[in-house]
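Below is one structure; the comments refer to it alone.
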Amino acid sequence: MSDTQPQIFVLNGPNLNMLGKREPEIYGSTTLPDLKALCEREGATLGLGSDFRQTNHEGELIAWIQEARNGAAGIVLNAGALTHTSIGVYDARLAAETPTIEVHLSNVYAREEFRSKSYISPAAVGVLCGFGADGYVFALKALSDRLESR
Ligand code: DHK
């Protein structure tokens, strides 16, 4: 990773540290370290730095989204359950003014009703869900294309 490469924050919210152990029939067998390695590999291929993080704390996720305002060219955001509940995450996203792609491993629209509500989507460039770990790769590619076209 070079200092001149655009940095993409890949931010993960609550319970995503449990990937691989947690409901594998829904979230798959890819672990969080696997996902981090995948994003770093894909980022390098696209000429992007990938700053991959996970937290179980809403305030920490909000602080990272705020940090993206000056520190990142884009955000790939899987806010986990905070997607469906957090106006604070939504407001942070608006304040960050950084293009954001919302990602979910599972197809949230094919699950419980409460997962169909997202506080991220109205402030996102786009949404990817249901493609497992590939969704993160697609999101990085979409941000790369967007950066190239500017
Ligand atoms: C991850 C979670 O932790 C859930 O709370 C979301 C999302 C879905 C995912 O599919 O990656 O509802």
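Along the sequence shown, residues carry numbers from 1. Each ligand, and each atom within it, is numbered from 1 in the order the structure gives.
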* **Exercise: do T98 and R69 side chains pair donor with acceptor under 3.5 Å** => no

* Output all residues satisfying side chain to side chain contact (heavy atoms under 4.5 Å, CB included) with R22, sequence neighbours left out; order by chain, then residue number. => N15, L16, M18, Y27

* Asked: In chain order, what residues pass the side chain to side chain contact (heavy atoms under 4.5 Å, CB included) check against K117, with sequence neighbours excluded?
  -> Y119

Short N or O contacts of ligand 1 with protein, under 3.5 Å, listed by atom name?
| from | atom 1 | to | atom 2 | distance (Å) |
| --- | --- | --- | --- | --- |
| ligand 1 | 3 (O) | R22 | NH1 | 3.1 |
| ligand 1 | 3 (O) | R22 | NH2 | 2.9 |
| ligand 1 | 5 (O) | A81 | N | 3.0 |
| ligand 1 | 5 (O) | R115 | NH1 | 3.2 |
| ligand 1 | 10 (O) | L105 | N | 3.2 |
| ligand 1 | 10 (O) | S106 | N | 2.8 |
| ligand 1 | 10 (O) | S106 | OG | 2.6 |
| ligand 1 | 11 (O) | N78 | ND2 | 2.9 |
| ligand 1 | 11 (O) | L105 | N | 2.8 |
| ligand 1 | 12 (O) | H84 | NE2 | 2.7 |
| ligand 1 | 12 (O) | R115 | NH1 | 2.8 |

* To do: Please answer: with hydrophobic residues joined when any side-chain heavy atoms are less than 4.5 Å apart, are I101 and L46 in the same cluster?
  => yes

* Structure fact -> Quick note, ring pair (Phe, Tyr, Trp, His ring centres under 6.0 Å) partners involving residues 62-98, not counting sequence neighbours, are none

* In terms of heavy-atom contacts, does CD of E113 have more than 12 from other residues, nucleotides or ligands at under 6.0 Å? -> no

